[in-house]
Amino acid sequence: GTLCPKGSFGNITGLKREDDCILCTPGYLCNQPGLLIPTEKCPPGFKCSSDTESSIVPCPEGFYCPEGTFNPQTCPVGTFSNRTKLQNISECL
């Protein structure tokens with residue numbers, strides 16, 4: 001069988017081609033080859049997309065990213081942060 005590469009997983013055994021692999025679930029990390037399911041949520045302060053194996057990036061300025069973030073949350077109206085990697089709303093000032 002084929003092992004799915006980083007950034008993807010295969011939830012069936014005996015895969016024949018990498019094309020049969022599924023891109024990692026948004027909000028999760030698939031940072032090792034051969035995963036059957038995504039098991040590690042994106043860490044707080046980061047966002048995890050499903051497009052590449054290097055799909056973890058720091059949460060951008062003006063947003064916060066709790067654990068498992070795919071779409072960063074905007075700091076509320078009247079608050080802001082010029083820092084990256086915010087983990088929760090209380091860090092928006």
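- The side chain to side chain donor-acceptor pair (under 3.5 Å) search around D20 returns R17, not counting sequence neighbours.
- From T39, atom OG1 reaches atom OH of Y28 across 9.0 Å, with rounding to the nearest 0.5 Å.
- In this structure, the side chains of C48 and I56 come closer than 4.5 Å at one or more pairs of heavy atoms.
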Go through C59 and C65 one step at a time and tell me if the disulfide bond (SG atoms under 2.5 Å apart) criterion holds. CA-CA 6 Å; C59 197; C65 297; 2.0 Å; yes
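- Both I89 and L86 are part of a single hydrophobic cluster, where members link through side-chain heavy atoms under 4.5 Å apart.
- Annotation for Q87 and G45: closest pair CG-N, 3.6 Å, computed over non-hydrogen atoms.
- Summarising the geometry of P38 relative to T25, their closest heavy-atom pair is CG-OG1, 3.4 Å, with the distance given to 0.1 Å.
- Looking at heavy atoms from C-beta onward, E67 lies in side-chain contact with P44 at the 4.5 angstrom threshold.
- Atoms CD and CG, from E18 and L3 in turn, are 9.0 Å apart once rounded to the nearest 0.5 Å.
- For the pair F80 and G62, the tightest heavy-atom approach, listed with the atom from each and the gap, is CE1-CA, 3.7 Å.
- Shortest non-hydrogen contact noted between N31 and K6 is O-CE, 3.4 Å.
- Partners of N11 according to the side chain to side chain donor-acceptor pair (under 3.5 Å) rule, which considers only residues two or more places apart in sequence or in another chain, do not exist here.
- With Q32 contributing its side chain and C30 its backbone, the two residues share no donor-acceptor pair below 3.5 Å.
- Residues C4 and L15 are in side-chain contact: their nearest non-hydrogen atoms beyond the backbone lie under 4.5 Å apart.
- Here the CD1-OG distance, from I22 to S8, works out to 9.0 Å after rounding to the nearest 0.5 Å.
- Contact check for S49 versus F70: side-chain heavy atoms found under the 4.5 Å cut-off.
- Taking all atoms of both residues into account, the shortest heavy-atom contact from C92 to T79 is CB-OG1, 3.6 Å.
- Few gaps surround CZ on F46; more than 12 heavy atoms of other groups in view lie less than 6.0 Å from it.
- Side-chain contact check for S81 versus E91: every heavy-atom pair is 4.5 Å or farther apart.
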